[in-house]
Amino acid sequence: MPTQISARDLTKSYGGRRVLDAVTCAFPTGGRTGIIGENGSGKTTLLRLLAGDERPDAGGVVRQAEGGIGYLPQDGQLAPALTVAQVIDGALGELRAVERRMRRLEAALGRGDETGLAEYGELLTVFELRGGYDADARVERALHGLGLRGLSHDRRVGSLSGGQRVRLGLAALLSAAPEVLLLDEPTNHLDDNALTWLQDHLVARRGTLVTVSHDRVFLERVADGLLEVDADRGTVVRYGNGYAGYLAERAAARRRWEQAREDWEEELAGHRRTAATTARRVAPGRAMKDGNKMAYDRHGGRVQQSVASRVRNAEERIRRLLADPVPPPPEPLRFAPGAFAAAAGDARPGTVLDAEGVAVAGRLAPVGLALAPGGRLLVTGPNGSGKSTLLDVLAGVTEPDAGYVARRGRVAYLPQDPLPGRPGETLLAAFAHGRAGTPEEHAARLLSYGLFAPEQLTVPVGGLSAGQRQRLALARLLAEPADVLLLDEPTNHLSLGLVEELETALDGYGGALVVVSHDRLLRRRWRGERLELTRRDQYEEAR
């Protein structure tokens, strides 16, 4: 039977919050589909439903693949007591079982017993389809490619780092070579070499791939189609031609929206002109001839009735257009520079941010920097090197144990996991907190960014997803001018389309910018200075 992975009318809720709402989708055989969307949108939920790890509240899933289905969960845990060899053997369990059964049937056939001939043929097809003869070599290639070369097969899982455990689970799954791969954030914990190997492997392999990923470079390289989960509606939209096709279709959708708004405005203006001027355009009429006043009055009455009818029609059309307006598309995101940055102009005198020898015990080795107005600085380094701590210190959230920080102008800060409001207050109240203005003014400003729909303004902050909280924190930054923006992993939790808009807004920002990011595409596109931090223990060893 042909391979089929599809879902129909899938609905799933958690704690009263609907994550997926009557979602229907299918994944082409042999295709490589990326599932995208902001955090909390339902990407992992959809993959778990496709894998059969969860049951939907409504709807159903078709899972059909003779070559097997393999699933890598994002938070998959390996038993600490297992050895590396046992993890791999467990992943290859079905293949090993097929091989053992084939050997027994081969022995029977050798004795002249042909009762298992048909079964042997079916097993051989499955074994070859899943690359059974190449399994052991595939294991070593996967371990090597994912940076686990030389890892003893006798070593216990409990002795491995968290990243090594994730990579071991991925290597074991790839070694099993199922016909269908369902991968949830497979690029997590991989260095550049491992990422390159994984991308090449997934492009070259035969079979169907469905992967949840936030990594734009990975999606550019691997995916030939994207399925975006809409966080606010719980629905999905499919895009062809990979990540480039996704960006092109979003741009085209924006142009269609702009055109629809323009058409609506033109039609509304036209009907208003008709209603306002038709009566005034009525000519006095032909001159009365032969003193026939009765005929002249009848003609004038018909004209007035026709005019009144045209005016009524125009007014009715106006009413309908206003009742169902085409809203204007949101303006592109824009960060406004503060008064200091604007006054600095092209001369850009002095600095807006100075740090000298700042250090935090156990978290940040001594570091210094100087940032001029309009300067750009990308902070990089391994996990544990103190990148987030440095931004906390620069923002004044954390006092350093050594060194000093000098700031000029207004500094705005987006931490890695923002908490932009109290759980009980509404989204609108959290956005407006600390700002002058009426609720109507705050609502108009927030809606102008296109980050939320009007019906979401009354949602409690405690009920927002991670992606929605990030959008709220971003909206608060957009609402106030700043001379310095400090952004810690700003692309986290956001949809990829919004990430692209955010990068464009940062490119156009006139103030100074300090960014911490693991986003490979953002780092590849970066135009500005870079500061690489070392881990605290590495700094101590260097001393």
Side-chain angles (χ1 to χ4, degrees), residues 9 11 17-25 37-38 41-42 227-239 246-281 305-334 426-429 431-432 437-460 463-465 467-468 471-472 474-475 478-479 495 497-498 500-501:
D9 293 332
T11 297
R17 175 175 172 262
R18 182 161 291 189
V19 178
L20 299 175
D21 189 5
V23 166
T24 295
C25 55
E38 70 179 30
S41 62
L227 191 73
E228 184 171 35
V229 183
D230 188 310
D232 298 328
R233 298 175 180 82
T235 57
V236 298
V237 180
R238 178 172 288 281
Y239 299 88
Y246 166 72
L247 295 180
E249 176 53 32
R250 281 182 55 87
R254 167 83 185 199
R255 290 193 294 271
R256 290 194 296 271
W257 189 352
E258 292 171 342
Q259 185 62 55
R261 173 68 182 188
E262 183 178 325
D263 293 344
W264 179 86
E265 290 177 335
E266 288 182 358
E267 184 177 0
L268 181 63
H271 287 300
R272 280 174 168 165
R273 286 193 299 271
T274 297
T277 63
T278 297
R280 294 199 299 271
R281 290 176 182 169
Q305 289 176 356
S306 175
V307 168
S309 177
R310 289 199 296 272
V311 170
R312 284 196 303 271
N313 289 340
E315 290 175 342
E316 174 60 19
R317 186 56 186 160
I318 291 171
R319 186 188 67 78
R320 292 182 181 180
L321 287 170
L322 292 176
D324 186 24
V326 177
E331 292 296 318
L333 300 183
R334 179 180 177 273
T426 65
L427 188 156
L428 179 59
F431 170 75
T438 66
E440 292 75 18
E441 290 170 338
H442 293 309
R445 170 169 281 194
L446 178 55
L447 293 175
S448 71
Y449 302 141
L451 299 174
F452 295 99
E455 61 270 19
Q456 294 177 299
L457 301 188
T458 56
V459 173
L464 300 179
S465 67
Q468 290 168 331
R471 278 188 268 154
L472 175 55
L474 178 60
L478 292 165
S495 69
L498 185 52
E500 295 283 348
E501 291 182 44

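One-based numbering along the sequence shown.
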Just jot down the salt bridge (charged side-chain N to carboxylate O under 4.0 Å, His left out) partners of [X], sequence neighbours excluded, or say none.
{"X": "R272", "result": "none"}
{"X": "E265", "result": "R261"}
{"X": "R334", "result": "none"}

With rounding to the nearest 0.5 angstrom, report the OG1 to CG distance, T235 to D21.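 One finds 8.0 Å between OG1 of T235 and CG of D21.
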Gap between atom CD of E228 and atom OG of S495 - 0.5 Å precision: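 S495 OG to E228 CD: 5.5 Å, rounded to 0.5 Å.
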Looking at every heavy atom in both [X] and [Y], which two are closest together, and how far apart are they?
{"X": "H442", "Y": "G437", "value": "NE2-O, 3.3 Å"}
{"X": "R17", "Y": "S465", "value": "NH2-CB, 3.6 Å"}
{"X": "A475", "Y": "L446", "value": "CB-CD1, 3.7 Å"}
{"X": "E38", "Y": "R471", "value": "OE2-NH2, 2.7 Å"}
{"X": "P439", "Y": "L428", "value": "O-CD2, 4.0 Å"}

With no hydrogens and no angle check, is any side-chain donor or acceptor of S41 less than 3.5 Å from a backbone partner on D230?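 Flag not set: sc S41 to bb D230 has no pair under 3.5 Å.
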Would you say Y239's side chain and L247's backbone share a donor-acceptor pair under 3.5 angstrom?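 Flag not set: sc Y239 to bb L247 has no pair under 3.5 Å.
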Summary of ring pair (Phe, Tyr, Trp, His ring centres under 6.0 Å) pairs that have at least one residue in residues 251-272, sequence neighbours excluded: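 Sorted result for residues 251-272: empty, none.
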Counterpart residues, side chain to side chain donor-acceptor pair (under 3.5 Å), relative to [X] (two or more places apart):
{"X": "E316", "result": "R319, R320"}
{"X": "R238", "result": "none"}
{"X": "E500", "result": "R216, Y243, R525"}
{"X": "R254", "result": "E258"}

For [X], check side chain to side chain contact (heavy atoms under 4.5 Å, CB included) against everything at least two apart and list the hits.
{"X": "A323", "result": "none"}
{"X": "V23", "result": "L10, L20, C25, V236"}
{"X": "E501", "result": "R250, L333, L498"}

Could you tell me if the side chain of I318 sits less than 4.5 Å from the side chain of L268, heavy atoms only?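 In contact.
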Is there side-chain contact between L472 and L427, with heavy atoms separated by less than 4.5 Å?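 Side chain of L472 against side chain of L427, heavy atoms only: contact under 4.5 Å found.
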N-O pairing of R256 and E249 below 4.0 Å: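 A salt bridge is present here (some side-chain N lies under 4.0 Å from a carboxylate O).
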Could you please spell out the steps behind the side chain to side chain contact (heavy atoms under 4.5 Å, CB included) verdict for T11 and R18? CA-CA 8 Å; T11 297; R18 182 161 291 189; 3.7 Å; yes
Just distance, no hydrogens or angles: give the donor-acceptor pairs under 3.5 Å from side chains in residues 447-457, sequence neighbours left out.
unit_1: S448; atom_1: OG; unit_2: R445; atom_2: O; d: 2.5
unit_1: Q456; atom_1: OE1; unit_2: A453; atom_2: N; d: 2.8
unit_1: Q456; atom_1: NE2; unit_2: D232; atom_2: OD1; d: 2.8

Tell me, with the steps shown, if D263 and E267 meet side chain to side chain contact (heavy atoms under 4.5 Å, CB included). CA-CA 6 Å; D263 293 344; E267 184 177 0; over 6 Å; no
